[in-house]
Amino acid sequence: MKIALLGYGKMGKAIEEIAINRGHEIVLRVSEDIEAYNLDELEIDAAIDFSIPKAAYKNITTAFKHKVPVVCGTTGWLDDYEKVTKLCKEEDSAFLYASNFSLGVNVFFELNKKLAHMMKGLDDYAVEIEEIHHTEKLDAPSGTAISLAQQIIAENPNKNGWQLDHADKDEIPIYAKRIKDVPGTHTVSYESKIDTIEIMHMAKSRQGFALGAVIAAEWLKDKKGVFTMRDVLSSLF
Ligand SMILES: NC(=O)C1=CN([C@@H]2O[C@H](COP(=O)(O)OP(=O)(O)OC[C@H]3O[C@@H](n4cnc5c(N)ncnc54)[C@H](OP(=O)(O)O)[C@@H]3O)[C@@H](O)[C@H]2O)C=CC1
Ligand SMILES: O=C(O)C1=N[C@H](C(=O)O)C[C@H](O)C1
């Protein structure tokens, strides 16, 4: 496959290494305004966007206009998600966003949903989410923590939203910590006066995120429509 990397920072470089090892060719590396590049002449099979929150919308929608399928891992831009999916359908293109591409986190998401379902009637337990990332991360809370909160809210009628660092009774607090070099750790805990139930995922490197993104691009290549990582991993869950 011919792959365009929209964003060539820590994740772009990790994805490049894995894509080349899997026999793909990187035909474009974008680190600035996408309009500076000629997408049409490169015969791109898929673009993978791991850029910055304020660039993601333009990168994605520009790729659609050039009929390039987009896998997006950039977080912190989701206020524009509905606009992007509408445009994807209008342009007859393909789009797959995941707040976290690692297989382990996608298993963790399934555990989180099951645990939330079991805990929804147990009012003695207070739920909270903690995420820890490296100090260069631009957004807080992490996209993964938001996905975890949304999954709990979907299961629990007593929870209507989330807030960073504090929460009302009907909300889930998300605590975001920044510590040098941490690739990404997420913990969901339910605490009562007598015990604590906790599930945790700790990434040891960026390799899992990068491999998942390349697998998603291979999967998306000849498809049309809007997908999630659950579609890619449907045979597992
Ligand atoms: N979904 C997932 O599984 C994962 C998601 N992420 C997310 O991916 C994103 C990138 O993370 P990471 O690689 O660690 O961050 P980095 O800061 O290392 O990389 C971002 C890169 O984007 C570049 N950039 C700036 N403007 C543009 C633009 N207009 N178009 C394209 N690229 C641009 C930056 O260039 P410059 O430095 O010159 O400004 C930088 O090289 C973040 O949003 C992060 O949360 C990260 C890991 C996993
Ligand atoms: O910025 C990061 O590094 C990461 N971002 C993603 C997120 O916001 O959830 C995924 C992963 O945890 C690493």
Side-chain angles (χ1 to χ4, degrees), residues 3-19 26 28-37 39 47-63 68 70-81 95-109 112 129-151 162 164 174-188 200-217 220 227-230 232-233:
I3 295 176
L5 296 176
L6 312 183
Y8 191 56
K10 291 182 281 301
M11 279 303 298
K13 291 184 177 93
I15 289 166
E16 175 177 52
E17 192 181 329
I18 286 173
I26 306 301
L28 182 65
R29 295 163 185 83
V30 173
S31 291
E32 58 191 342
D33 193 336
I34 194 166
E35 279 174 357
Y37 303 87
L39 301 193
I48 304 181
D49 184 290
F50 281 76
S51 58
I52 55 171
K54 69 175 186 212
Y57 178 78
K58 188 169 181 189
N59 287 347
I60 297 162
T61 54
T62 304
V68 175
V70 183
V71 164
C72 176
T74 306
T75 52
W77 63 274
L78 283 193
D79 288 350
D80 288 326
Y81 182 78
F95 180 63
L96 192 154
Y97 166 76
S99 59
N100 200 304
F101 280 92
S102 88
L103 176 61
V105 162
N106 282 276
V107 172
F108 185 65
F109 281 153
N112 181 52
I129 297 171
E130 180 192 80
E131 58 100 335
I132 310 174
H133 284 87
H134 53 96
T135 46
E136 289 159 32
K137 186 161 177 61
L138 296 180
D139 53 321
S142 68
T144 307
I146 295 172
S147 298
L148 291 164
Q150 287 169 338
Q151 290 176 337
W162 58 265
L164 187 60
I174 305 180
Y175 299 100
K177 294 186 180 159
R178 296 293 172 256
I179 299 174
K180 196 172 181 303
D181 294 338
V182 174
T185 301
H186 292 89
T187 307
V188 180
M200 189 260 275
H201 177 274
M202 184 182 70
K204 295 183 177 177
S205 71
R206 293 185 172 80
Q207 228 181 328
F209 313 137
L211 176 61
V214 176
I215 288 172
L220 190 67
F227 303 97
T228 67
M229 204 52 187
R230 207 169 193 282
V232 180
L233 300 173

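Both counts, for ligands and for their atoms, begin at 1 and track the order of listing.
- For atom 37 (O) of ligand 1, the nearest protein heavy atom lies 4.0 Å away or farther.
- Taking every heavy atom of both residues into account, Pro141 and Ile174 meet most closely at CB-CG2, 3.6 Å.
- At under 3.5 Å, not a single nitrogen or oxygen of Arg206, backbone or side chain, sits near a nitrogen or oxygen of ligand 2.
- Pro53 has its side chain within reach of Leu138: a pair of non-hydrogen atoms, C-beta onward, lies under 4.5 Å apart.
- For the pair Glu131 (side chain) and Ser142 (backbone), a donor-acceptor distance under 3.5 Å is present.
- The side-chain heavy atoms of Tyr37 and Glu32, taken from C-beta on, include a pair separated by under 4.5 Å.
- Side-chain contact between Phe109 and Thr144 is present, with at least one heavy-atom pair separated by less than 4.5 Å.
- Listed by number with element, the atoms of ligand 2 under 4.0 angstrom from any heavy atom of Ser99 are 6 (C), 7 (C), 9 (O), 10 (C).
- Contact annotation: the side chain of Val71 approaches that of Phe101 to within less than 4.5 Å [non-hydrogen atoms, C-beta and beyond].
- For atom 40 (C) of ligand 1, the candidate residues are Gly184, Gly9, Gly7; the nearest heavy-atom contact is made by Gly9.
- With hydrogens and angles ignored, the 3.5 Å screen pairs a side-chain donor or acceptor of Thr74 with a backbone N or O of Asp49.
- For Ile34, the closest heavy-atom approach to ligand 1 does not fall below 4.0 Å.
- Proximity of Glu32 to ligand 1, defined as any heavy-atom pair under 4.0 Å, is confined to the backbone N, CA, C and O atoms.
- The closest approach between Pro141 and ligand 2 stays at or above 4.0 Å for every heavy atom of the residue.
- With a 4.5 Å cut-off on side-chain heavy atoms, Glu35 and Lys58 count as touching.
- Assignment of His133 to the shell around ligand 1 is not supported, since no heavy atom sits closer than 4.0 Å.
- Residue contacts with ligand 1, taken as heavy atom pairs separated by less than 4.0 Å, involve Asn59 solely via side-chain atoms from C-beta onward.
- From Phe95, atom CZ reaches atom CD1 of Ile60 across 4.0 Å, with rounding to the nearest 0.5 Å.
- Note: Glu16 CD to Ile48 CD1 = 11.0 Å, rounded to the nearest 0.5 Å.
- Given atom 46 (C) of ligand 1, the protein heavy atom at minimum distance is Met11 CG, 3.6 Å.
- Under a 4.0 Å criterion applied to the non-hydrogen atoms of Thr74, ligand 1 contributes the atoms 8 (O), 43 (O).
- Of all non-hydrogen atoms in Gly212 and Met229, the two that sit nearest each other are O-CE, 3.6 Å.
- When Arg29, Lys10, Met229 are ranked by how near their heavy atoms come to atom 15 (O) of ligand 1, first place goes to Lys10.
- Below 3.5 Å of separation, one finds an N or O of Phe101 facing an N or O of ligand 1.
- Residue Ala98 has at least one N or O atom closer than 3.5 Å to an N or O atom of ligand 1.
- For ligand 1 and Ser99, the ligand atoms under 4.0 Å from any heavy atom of the residue are 1 (N), 2 (C), 3 (O).
- The single protein non-hydrogen atom nearest to atom 42 (C) of ligand 1 is Ser51 O, 3.9 Å, given as residue, atom name and distance.
- Numbered from 1 in the order shown, with element, the atoms of ligand 1 that lie under 4.0 Å from a heavy atom of Lys137 read 45 (O).
- Those atoms of ligand 2 that come under 4.0 Å of a heavy atom in His134, given as number and element, are 1 (O), 2 (C), 3 (O).
- Comment: Lys180 does not engage Glu136 in a salt bridge, judged by the lack of any side-chain N to carboxylate O separation of less than 4.0 angstrom.
- For atom 9 (O) of ligand 2, the nearest non-hydrogen atom of the protein is Thr144 OG1, 2.5 Å.
- Distances from atom 28 (C) of ligand 1 to the heavy atoms of Ala56, Ala55, Ala14 show the closest one on Ala55.
- Not a single heavy atom of Glu136 lies less than 4.0 angstrom from ligand 2.
- The atoms of ligand 1 that sit less than 4.0 Å from any heavy atom of Gly73 are 1 (N), 2 (C), 4 (C), 5 (C), 6 (N), 7 (C), 8 (O).
- Set against the non-hydrogen atoms of Tyr8, the atoms of ligand 1 under 4.0 Å away are 41 (O).
- The nearest heavy-atom contact from the protein to atom 26 (N) of ligand 1 is Ile52 CD1, 3.5 Å.
- Distance remark: protein heavy atom present below 4.0 angstrom from atom 32 (N) of ligand 1.
- When all heavy atoms of Thr75 and Ser99 are compared, the pair lying nearest together is CG2-O, 4.1 Å.
- Under 4.0 Å from ligand 1, not a single heavy atom of Pro53 appears.
- Contact record, Pro183 with Ala203: CG-O, 3.6 Å, taken as the closest heavy-atom pair.
- The protein atom (non-hydrogen) at minimum distance from atom 7 (C) of ligand 2 is Gly143 N, 3.4 Å.
- For a threshold of 3.5 Å applied to N or O pairs, the pair formed by Arg206 and ligand 1 contains no separation below that value.
- Each of Tyr81, Phe50, Trp77 was scored for a side chain to side chain contact (heavy atoms under 4.5 Å, CB included) with Cys72, with one residue passing: Trp77.
- Of the heavy atoms in Pro183, only backbone atoms (N, CA, C, O) come closer than 4.0 Å to ligand 2.
- Scanning all protein heavy atoms for the shortest distance to atom 45 (O) of ligand 1 gives Thr75 OG1, 2.6 Å.
- In terms of polar-atom proximity, Phe209 is not counted as a contact of ligand 2, lacking any N or O under 3.5 Å from an N or O of the ligand.
- Here the side chains of Phe108 and Asn100 are not in contact, with every heavy-atom distance at 4.5 Å or above.
- Scanning all protein heavy atoms for the shortest distance to atom 5 (N) of ligand 2 gives Lys137 NZ, 3.1 Å.
- In this structure, His133 and Arg178 have side chains that are in contact, with non-hydrogen atoms separated by less than 4.5 Å.
- When all heavy atoms are compared, the tightest approach of Ala63 to Val70 is CB-CG2, 3.4 Å.
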**Prompt:** When you look at Leu96 and Val232, which way does the side chain to side chain contact (heavy atoms under 4.5 Å, CB included) test go after all the steps?
**Reply:** CA-CA 9 Å; Leu96 192 154; Val232 180; 3.5 Å; yes

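- Residue Ala213 does not touch ligand 1, judged by heavy-atom distances below 4.0 Å.
- In terms of protein heavy-atom proximity, atom 8 (O) of ligand 1 is closest to Phe50 CD2, 3.3 Å.
- Side-chain contact between Thr185 and Met200 is present, with heavy atoms from C-beta onward closer than 4.5 Å.
- Every atom of ligand 2 is numbered from 1 in the order shown, and the set under 4.0 Å from a heavy atom of His186 is 12 (O).
- Contact atoms of ligand 2 toward Asn100: 10 (C), 11 (C), 12 (O) (distance under 4.0 Å to a heavy atom of the residue).
- The closest heavy-atom contact to atom 13 (C) of ligand 2, among the options His201, Lys10, Met11, His133, comes from His133.
- Put simply, CG on Asp33 and OG1 on Thr62 are 8.0 Å apart, with the number rounded to the nearest 0.5 Å.
- Of all the heavy atoms of Ser142, the ones lying under 4.0 Å from any atom of ligand 2 are found in both the backbone and the side chain.
- Under a 4.0 Å heavy-atom criterion, Ser31 is in contact with ligand 1.
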